[in-house]
Amino acid sequence: MLKTIEIGPNQVGIKYKKVGSKLPPGKQIATNGETGYQAEILPPGTHFYSPWLMEVEIVPAIEIPQGEIGLVVAKDGETKAESYTQNLGRIVPCSDFQDGVAFLANGGEKGEQLGILRAGTYRINTKLFTVITSANAKEHNVNPEDLKVYHIETDMIGIVTTKDGLPIPEGEIAGPCIEDHNKFQDAQAFIDNGGCKGLQEEIIPVGNWYLNPWFVKIEKVPLTVIPTGTVGVVISYVGKTPPCKETTKKDKELKNGEEYLVDKEYKGIHKEPLRPNKYPINTYLQKINLVPTNEIALDWSKKEESQSTAMNYDLNLEPLNLRSKDGFEFYIELTQIIQILPENAPKMIASIVSVNSQGLDLEKVENSKEYIVKPYDRMRNLIKKVLEPNISYYFRSAAQEFKAIDFHSARNTIAQNVKGYIKRSLKSYGIIGVNTLINEIDLPEELEKILTEREIERQKTESYQVKIENEEKRRKLIEQEAFTKQREELIEFQTDRQKKLYESQDNIQIAKNQAQAQWYQDQADAESIQSKIQALGGVHNYFNYLKINNWSNIQLPHVLVNSDGGRSEILEAFVTPMLDTSSNQSQLPSNGEYTQPRLKEALPKCLVVLLIDTSDSMSTEYKEELIKGINKFKEQLSNDPNTNKCIEVAIITFGTPVKTIKPFTDNANYNLTEVELEGSTAIGEGLELALKVIDDRQKIFKEQNIQHYQPWIITIAGSTLDDNWQQSAEKIQEAFAEEKLNFLAIGVEDVDQNILSEICPPKASCTMLEGLKFKPLFFRFAKLMIEIANRYEKDTALEGLAQIVENISSDLPSDKVVVLQEYTARLMSEASKEKITRQEYSQLVKKLFEEARNLGVDAKPILKIVPKITKKMNLN
């Protein structure tokens, strides 16, 4: 007798066989018809079985929430050999542990598994596998926080320590970088490719990462900041071992450490310093020494304790105690200014550190093979070891060559000499000695008295001399003032006479000059126009020149704002593809040659994909305002015939599932009444679909020889972007870089701007919408496209005029051709402007009509097309 059992969509049937051979020792799950729990499960549906032979237990399917992972423990499987290096169970093909038969047949191993489960629903045999989720984590001694998708914030990195893999090679302190494991998310690939257990060279950047906490431990640290005015010298404890270099006698004499500098792929002090910026540095493996690159003033003077600061390198420098040639003891205070150029910073660091045989700044731990970093204060070490001994030596030697009072008098000469000496001494260390200044000389009291008396006498002498010089200057000033007054009176008399003589003549000449200037201006304008027409190869090419220079006057909308609240200029890029046609449209050649276009050529097509976020985390207000904005876009496009033929719009939603709710059509006749907010945010899948529908539509254009602009994807996102979007973003960025696609990302509500910025190409960064102002945003989009489409139609008519003029010019005398081309060029120049002057345009039309009538029957096409141009510009 058979029994019926119904298994629901979110349930699993686990079979227990009562009759059959016994399981082998140590096995818990049957795969070959033995008695006991079976590896094979019953999927959702209706099933029949004999209760005499079998029992069926119904259990719920495993649910892994969004933003979390699940860990798996296998209760049965292969037992690892003692020599096996992998601690966690290997990943084998088994449909994410849903196919127990495949798991056991493919060599799945018993115990904690390397593979993890991502968000979703899984039909898993719970007799074979234990799945640990945040709901039951504590029961299995697992921290629920460890089961969340690991998030690295902006300006942070993750330092990785793996808990499984090969031993780190002897002599190394971290595992080398391994290829093709997707930032430790593909753990089996990491191990199979030779990954090591322990601290890793590779770091994890900003983003969300699916990591097995049994496999990796992550420590978040901030980016290393190199402030302005400094560079960072890198001492690396990982990389290739530098090639052995025999130290020569010359190297030993230099003692400046430059021979220990290495390229960045080696261990040691790197030749190239880090410039001011933020860097993702694994601080366990590379030490960064900040070196100031601005000028540093070091004072040998008396200082108070309160003057001590973190950057006060000269706190311990005291005034120098000197002894003169005549036996007097005195003190001097001085200032030495130094500077370290960025490119010389590594050389300076290498010259003052303790360097072992490998060129590393390390100190061996007593009774151990391990090394630790020595805590050097680089700048103070430089001052103590190099600068202070050189300064002291020079001044003590110089003092013994002078009497005390003479030393005071020769202070400037001595300072110049020591400046050159210090400059030469510091050069080998990569340091510039900028200047040496003697500030104070503290002589004994009896010598100070003699100097004071000398100074008083000198100042008295200088005072008398100044009085004499001032009296002489006053006498010369009085004489000069008298002479100047007489000369001014004479000039004033002569000027008054000349003024009356020239006044009557000036009025006449001004009028003549103005008339002549206007004539010259008219001639220059005409010559300029003729020169441009000749240089560009005809009137038609001259119009294309005008068109290129006037398209940029189209006014762009300002609806978006940056994250700091300022106005965004992102829409400056929006008009570009509308102005530059694709490669299959006629362009102005550089050599003057030109192929006449078809006068009744169809408007080029522009594809626009609206890719909108419809995940269930979006608000009802967002949905309502978005629908209003998109319908306003449709309404404006439908009202203009030209634009309706030019723009094709498709709408794709990226909740789950991703849907095309409006495919491309030849017109904008659609009405969006409702969008359903459902599922998670699948922006990666949405981008893939957008690229596909664009590609399908462009193939049709190519078959029908239809011109088209670069297509647009306008993405509106407002929630957490947590699917695998990285591969889709790479395709978008590649197409954008190759100028095959334009991309605009608009963020609203709770969108993660950092992730949205990573999706965008570098030159099309994401921008936040001010509030939920979709309606004004789409209104301005539509107005912009209407203006572009109508301008194209007007330009087509002007191109017809240019073609007619060129066609009839071959049968006219050269003087007639010059006049006809001049009036045509002036009319096209005025008509192609953004704002047309009605009076100027009317006068040009009148002159062109008069010239056309004088030419007779050949010029009749001009008389027919000019009224059409006027009508297209809404001028009567």
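Keep in mind it's a predicted model, so treat the numbers as computed, not measured.
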Table please: side-chain donor-acceptor pairs of residues 290-300 below 3.5 Å, with sequence neighbours left out.
residue: Thr293; atom: OG1; partner: Gly229; partner atom: O; Å: 3.1
residue: Asp299; atom: OD1; partner: Thr335; partner atom: OG1; Å: 2.6

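When side chains are defined from C-beta on, Phe395 counts as touching Ile438, because their heavy atoms get closer than 4.5 Å. By the 4.5 Å heavy-atom criterion applied to side chains, Leu334 and Ile391 are counted as neighbours. Residues Leu387 and Ile431 have side chains not in contact (no heavy-atom distance under 4.5 Å, counting atoms from C-beta outward). Inter-residue side-chain proximity for Phe402 and Ile414 is flagged as met; some heavy-atom pair is nearer than 4.5 Å. Contact of the Ile157 side chain with the Ile281 side chain is not registered, since no non-hydrogen atoms from C-beta on lie closer than 4.5 Å. With contacts defined as side-chain heavy-atom distances shorter than 4.5 Å, the pair Ile759/Ile732 does not qualify. With a 4.5 Å cut-off on side-chain heavy atoms, Ile683 and Asp613 do not count as touching.
Glu333 and Asn439 share no side-chain donor-acceptor pair at under 3.5 Å. Side-chain atoms of Thr162 and Gln200 form a donor-acceptor pair, as typed in the model, at a separation below 3.5 Å. In summary, the side chains of Glu202 and His181 do present a donor paired with an acceptor at a separation below 3.5 Å, with no hydrogens or angles considered.
Evaluation of the side chain to side chain contact (heavy atoms under 4.5 Å, CB included) rule for Glu172 yields Ile168, Pro169, Lys267 as partners, not counting sequence neighbours. With sequence neighbours left out, the ring pair (Phe, Tyr, Trp, His ring centres under 6.0 Å) criterion links Tyr266 to no other residue. Remark: Thr715 pairs with no residue by the side-chain hydrogen bond (donor to acceptor under 3.5 Å, both in side chains) rule, at least two apart or across chains. Among residues two or more places apart in sequence or in another chain, the side chain to side chain contact (heavy atoms under 4.5 Å, CB included) test is passed with Lys220 by Tyr150, Ile152, Glu153, Met156. The side chain to side chain contact (heavy atoms under 4.5 Å, CB included) search around Glu758 returns Val206, Trp725, not counting sequence neighbours.
Residues Glu145 and Lys148 are paired through a salt bridge, judged by an N-O separation under 4.0 Å between the basic side chain and the carboxylate.
Relative ring orientation between Phe330 and Phe407 is described as tilted, the plane-to-plane angle lying within the 30° to 60° band. In this pair, Phe190 and Phe215 present their aromatic rings perpendicular. The plane angle is above 60°, beyond the 30 to 60° band.
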Exercise for the section: Take Gln400 and Lys325 through the test side chain to side chain contact (heavy atoms under 4.5 Å, CB included) and record every step on the way to the result. Expected result: CA-CA 5 Å; Gln400 294 175 7; Lys325 183 178 181 181; 5.8 Å; no
Handout entry: Worked check of ring-ring contact (aromatic ring centres under 6.0 Å, His included) between Tyr394 and Tyr421
Key = CA-CA 8 Å; Tyr394 187 88; Tyr421 170 78; 5.1 Å; yes
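In this structure, the side chain of Gln336 engages the main chain of Asn435 through a donor-acceptor pair within 3.5 Å.
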